[in-house]
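Notes for the one structure printed next.
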Amino acid sequence: MGSLGFNIGDLVYQLIMFILLLGMIFAVYFFVRSLLARSNKSNRMEQKLDRVIELLEKDKRE
């Protein structure tokens, strides 16, 4: 009986460690994804600013 409890304890421990490992992998994945999204967002913002500057310069010339 004691042996069975020990095996269940091992199983629970392994399950918790596996869930923690998966959690770390997902955390890294989402962190990298958010960094990429942030840089993409700033690139779009720069493109919009360039377009506004271009329009302002064109308007100034006319």
Met17: what forms a side-chain contact (heavy atoms from CB on, under 4.5 Å) with it, not counting sequence neighbours?
Tyr13, Leu20
Could you tell me if the side chain of Ile25 sits less than 4.5 Å from the side chain of Tyr29, heavy atoms only?
no
side-chain contact (heavy atoms from CB on, under 4.5 Å) involving Arg38 - partner list, sequence neighbours excluded
Leu35
Got a sec, which residues hit side-chain contact (heavy atoms from CB on, under 4.5 Å) with Glu57, two or more places apart in sequence or on another chain?
Ile53, Arg61
Set of residues satisfying salt bridge (charged side-chain N to carboxylate O under 4.0 Å, His left out) with respect to Arg33, sequence neighbours excluded
none
For the CG atom of Leu55 and the CG atom of Asp50, what is their distance to the nearest 0.5 Å?
11.0 Å
Residue list, side-chain contact (heavy atoms from CB on, under 4.5 Å) with Leu56, at least two apart or on another chain:
Val52
Partner set under salt bridge (charged side-chain N to carboxylate O under 4.0 Å, His left out) for Glu54, not counting sequence neighbours:
Arg51
